[in-house]
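Encoded as structure tokens, the structure appears first; notes follow it.
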Amino acid sequence: MFDIKWIRANAEAFDAAISRRKGVSVRSSDLLAIDDRRREIIASLNEAQEKRNALSKQIGQAKAQKDEAKAAELMAGVAALKEAIPQGEADERAVELELRNALSVLPNLAFEDVPDGVDEADNVEYFGPNGSPATAAKARAPKPSFSFAPKEHYEVGVAANGDMDFELAAKLSGSRFVVLKGQVARLERALGQFMLDLHTTEHGYTEVQPPLLVKDDALFGTNQLPKFEEDLFATSRDNASTNAVMQLTQREYGLQLVEQQIAKLADHSGRNAIAIARLNRQAANERMAIAILKTEIDSHQIFEGFQSSKLYLIPTAEVPLTNLVRESIVSEEALPMRLTALTPCFRSEAGSAGRDTRGMLRQHQFNKVEMVSITTPETSVDEHERMLTCAEAVLQKLGLHYRVMTLCTGDLGFGAKKTYDLEVWLPGQDTYREISSVSVCGDFQARRMDARYRPAGEKQAPRFVHTLNGSGTAVGRCLIAVLENYQQEDGSVLVPEVLRPYMGGLTSIGGR
RNA sequence: GGAGAGAUGGCAGAGUGGUUGAAUGCACCGCACUCGAAAUGCGGCAUGGGGGCAACUCCAUCGGGGGUUCGAAUCCCUCUCUCUCCGCCA
């Protein structure tokens with residue numbers, strides 16, 4: 001979310017930067033026109049309020065002096081404002097909402113060093129601030145070589161034997177779910193525990209167990225709302241409210257059926273008179289019930305209650321972790337605040353029908369270890385590099401080959417100023433696939449959440465914090481990577497060294 | 001689920017219709033005293049927004065929203081959250 005004052009002061013820079021973002025046609029002049037109207041409305045409202053306050057004060061003084069005549073005269077004088085002020089307040093609310101709506105759908109501005117481009121094909125490989133292909137190759141595991149044709153993860157013996165069961169999951173939940181069992185389930189758990197332990201003990205992150213269901217406000221803070229609601233799973237906790245809305249649709253459908261029945265019987269009227277009378281009574285009852293429900297809903301309370309009781313399943317722990325500082329002012333000493341969590345993530349994957357349908361690459365539910373940093377504006381860029389190395393450490397310790405890409409402007413996420421993707425090598429697919437994404441958002445989310453910090457030392461006004469988030473890493477996809485990279489010809493899978501303590505010392509799973 | 005109590009500045013805590021943006025204490029910052037510190041004294045100390053080059057000034061905000069009133073922290077309605085008791089429960 002942008003600061004309209006900043007846009008006003010930097011209109012040209014804003015236009016130049018926002019035009020780099022894909023599919024955005026808004027320019028500063030559109031927004032400043034709304035803001036001009038807003039300021040006019042505020043100015044005239046303030047004037048009216050000032051007048052009212054002054055007169056009210058005089059009324060108070062007159063009453064104190066028992067001068068009722070003068071008080072009555074003054075009260076008549078203020079009567080004219082009785083309409084202007086509520087109207088002005090309503091206008092102010094409306095125009096402020098208009099401005100907020102216009103601003104809230106604008107994506108963040110990319111840093112200047114983010115490459116221009118239209119899609120992922122224009123992403124640029126990155127080797128660290130002072131890195132090169134040579135230094136990267138030294139730190140990372142090489143691409144593994146196989147004496148046989150490596151299989152995709154779901155074909156590897158240990159998974160194909162039923163311990164990774166998509167058909168079973170489909171019975172319970174439909175497509176894009178999986179049931180893991182036995183040693184595959186344990187390996188997935190081991191990966192999550194390993195990552196969490198690594199970040200908490202070596203990287204200075206604080207472990208958090210956040211709520212998995214969150215309100216719309218939280219999702220607005222981290223940019224999922226209002227633009228990306230179709231990617232989320234939603235639920236509701238308030239039966240009284242949802243019932244009214246759901247009952248209404250049910251009863252309307254019921255009424256429709258009854259009316260169809262009546263129409264049908266009416267064709268051969270005569271002998272159906274009794275049945276029709278009965279159906280008419282039924283229809284009348286339905287209409288009555290519908291009218292009552294509509295009154296309840298129209299009274300607004302129910303519908304608003306329905307809205308506010310709606311809870312969303314988190315698509316990533318970024319949402320609850322980042323929102324931990326929402327609507328608060330933290331002291332500078334508390335920064336950088338580094339938070340991590342291992343949570344399930346839920347994504348509806350709307351619009352990705354047909355993509356990655358085989359295997360567990362793209363699921364409605366998966367586990368992920370997330371890292372979030374809350375920093376000062378001065379340190380967020382360095383923190384971004386640091387967070388990248390924390391994510392890389394996971395893959396390095398697991399001995400997985402990967403590359404790092406700087407996302408181009410066309411591939412950059414809504415709230416990010418710059419993003420690095422970690423792409424792990426999948427020999428079964430013979431390609432690199434995203435396993436982590438590390439983004440710096442500047443104060444974009446902080447404005448949406450109203451999250452600030454108080455600078456240390458001299459008394460200064462609070463400033464917005466900067467936020468960063470990154471996966472460290474997606475556990476489900478990491479499981480895929482381990483299965484594909486450590487597979488053996490006999491269908492067993494070697495357990496990477498660092499996971500063995502979490503696997504009861506096992507060096508291999510799925511062997512005979 | 002039932003009954004009751006409550007929500008005020010960084011914290012504690014006054015304040016039931018009139019110059020209260022809000023007493024007092026603590027914390028914090030500046031100055032004085034001191035070799036330094038403590039103690040003490042004096043002063044300062046909310047957030048957002050409008051106007052102004054600036055000094056400054058105006059408006060809004062006492063959990064959120066709505067209402068009564070010339071005027072609301074204070075009265076009414078409503079929502080949310082917290083606490084106490086009862087019931088149910090992993």
Side-chain angles (χ1 to χ4, degrees), chain A residues 1-9 32 34-100 103 209 211 213-218 220 236-241 243 296 298-311 325-334 443 446-465:
Chain A
M1 180 95 105
F2 295 108
D3 179 4
I4 189 66
K5 285 198 287 193
W6 182 87
I7 294 178
R8 183 171 285 282
L32 293 177
I34 302 174
D35 191 45
D36 285 340
R37 241 181 326 116
R38 175 182 146 265
R39 297 203 294 182
E40 272 171 40
I41 288 167
I42 286 176
S44 63
L45 173 64
N46 277 3
E47 201 184 324
Q49 287 169 323
E50 187 180 346
K51 216 178 282 176
R52 178 203 63 194
N53 288 350
L55 286 171
S56 289
K57 230 172 235 184
Q58 290 179 37
I59 293 169
Q61 286 165 347
K63 290 232 177 188
Q65 290 160 16
K66 305 269 188 243
D67 190 348
E68 291 298 332
K70 190 179 175 195
E73 188 190 322
L74 288 164
M75 278 159 78
V78 86
L81 299 167
K82 284 284 282 179
E83 269 184 42
I85 288 176
Q87 184 59 48
E89 284 171 344
D91 290 346
E92 185 192 358
R93 264 198 297 272
V95 75
E96 270 173 356
L97 185 65
E98 185 183 347
L99 184 61
R100 181 178 171 82
L103 290 172
Q209 287 196 29
L213 294 170
V214 295
K215 298 195 276 194
D216 52 1
D217 287 345
F220 182 86
S236 166
R237 61 183 160 177
D238 185 346
N239 290 332
S241 304
N243 275 352
E296 277 179 36
D298 285 350
S299 74
H300 238 83
Q301 293 177 354
I302 296 278
F303 190 62
E304 275 176 7
F306 175 67
Q307 288 289 42
S308 68
S309 72
K310 195 167 171 184
L311 289 177
V325 292
R326 73 173 291 115
E327 291 166 66
S328 68
I329 302 174
V330 300
S331 69
E332 183 169 353
E333 293 77 55
D443 63 3
R447 291 180 183 284
R448 297 170 83 97
M449 297 188 299
D450 190 21
R452 291 171 293 171
Y453 77 100
R454 193 177 294 283
E458 294 284 308
K459 227 180 162 86
Q460 288 183 57
R463 304 169 68 194
F464 286 110
V465 296

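Quick caveat: nothing in here was measured; it's all calculated off a predicted structure. We name chains A, B, ... by the order of the sequence lines, and we start the count at 1 in each one.
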Discussion item. Work out how far the P atom of B/A54 is from that of B/G67, and round it to whole angstrom.
Written reply: 36 Å

Worksheet entry | Which nucleotide in B/G71, B/G49, B/G66 has an atom nearest any side-chain atom of A/Arg93 | B/G66

Worksheet entry | d(CZ, A/Arg52; C1', B/C58) in whole Å | 13 Å

Fill in: B/U69 and B/C58, which share atom name P, separated by this distance in whole Å
28 Å

Worksheet item: If you check the A/Arg452 side chain, which of B/G50, B/G18, B/U47 turns out closest?
Response: B/U47

Worksheet entry | Interatomic distance, A/Ile34 CD1 vs B/G50 C1' [rounded to whole Å] | 18 Å

Worksheet item: A/Glu96 or A/Glu89: which one's nearest nucleotide on RNA chain B is closer to the 5' end?
Response: A/Glu96

Fill in: A/Pro211 versus A/Val214, closest heavy-atom pair with distance
O-CG1, 4.4 Å

Worksheet item: P atom, B/U68 versus B/C86: distance in rounded Å?
Response: 43 Å

Response to the item:
Partner of B/G63 under the Watson-Crick or G-U wobble criteria, both distances under 3.5 Å, comes out as B/C79

Item to complete: Please report, rounded to the nearest Å, how far the C1' atom of B/G48 is from the CZ atom of A/Arg39.
Response: 16 Å

Discussion item. In whole Å, measure the gap between the C1' atoms of B/G51 and B/A38 for me.
Written reply: 48 Å

Discussion item. Using atom C1' in both nucleotides, what's the gap between B/U16 and B/U8 to the nearest angstrom?
Written reply: 14 Å

Item to complete: Find the distance A/Arg37:CZ to B/G49:P and express it as a whole number of Å.
Response: 20 Å

Discussion item. Whole angstroms only, please: what is the CD1-P distance between A/Ile4 and B/G50?
Written reply: 10 Å

Practice prompt. Can you tell me the pairing partner of B/C70 across any strand shown, Watson-Crick or G-U wobble, with both distances under 3.5 angstrom?
Written response: B/G18

Worksheet item: So, A/Asn53 versus A/Gln49: side-chain donor-acceptor pair below 3.5 Å or not?
Response: no

Fill in: Verdict with supporting geometry, A/Gln87 and A/Asp91, side chain to side chain donor-acceptor pair (under 3.5 Å)
CA-CA 6 Å; A/Gln87 184 59 48; A/Asp91 290 346; 3.1 Å; yes

Worksheet item: Counting side-chain heavy atoms from C-beta on, which of B/C70, B/G50, B/A60 comes nearest to A/Arg38?
Response: B/G50

Discussion item. If you assign A/Pro462 and A/Ile42 each to the RNA chain B nucleotide with the nearest heavy atom, which residue ends up on the more 5' nucleotide?
Written reply: A/Pro462

Item to complete: Scan every strand shown for a Watson-Crick or G-U wobble partner of B/A39, both distances under 3.5 Å, and answer none if you come up empty.
Response: none

Fill in: Inter-nucleotide P distance (B/G71, B/A55), Å rounded
34 Å

Worksheet item: Can you check the A/Leu55 CG to B/U69 P distance for me, whole Å?
Response: 18 Å

Fill in: Interatomic distance at C1', B/G43 relative to B/U47, whole Å
23 Å

Discussion item. Between A/Asn53 and B/A60, is there a contact of a side-chain N or O with OP1 or OP2 at under 4.0 Å?
Written reply: yes

Worksheet item: A/Arg326 side chain to A/Asp217 main-chain N or O, any donor-acceptor pair under 3.5 Å?
Response: yes

Practice prompt. From the options B/U19, B/G50, B/C59, select the nucleotide whose nearest atom is closest to the side chain of A/Ala43.
Written response: B/G50

Worksheet item: In the structure shown, which nucleotide is the Watson-Crick or G-U wobble counterpart of B/G1, with both distances under 3.5 Å?
Response: B/C86

Fill in: Separation of B/C70 C1' from A/Met75 CE (nearest whole Å)
5 Å

Worksheet item: What is the nucleic acid contact for A/Gln61, judged by heavy atoms within less than 4.0 Å: base, sugar-phosphate only, or nothing?
Response: base

Worksheet item: Just how far, in rounded Å, is C1' of B/C28 from CD of A/Glu333?
Response: 12 Å

Discussion item. My understanding is that a pair needs two contacts under 3.5 Å, Watson-Crick or G-U wobble. By that rule, which nucleotide pairs with B/C11?
Written reply: B/G25

Worksheet, complete the sentence: The reported gap from CG in A/Asp35 to CD1 in A/Ile7 (rounded to nearest 0.5 angstrom) is 9.0 Å

Worksheet entry | Nearest-Å distance once atom P is located in both B/A7 and B/A73 | 15 Å

Worksheet item: What nucleotide among B/G49, B/G18, B/C59 has an atom nearest to a side-chain atom of A/Glu50?
Response: B/C59

Fill in: Under 4.0 angstrom between A/Asn46 side-chain N/O and B/G51 OP1 or OP2
no

Worksheet entry | Heavy-atom neighbours of A/Glu68 CD exceed 12 at 6.0 Å | yes

Response to the item:
Shortest non-hydrogen pair, A/Phe220 vs A/Arg448, comes out as O-NE, 2.8 Å

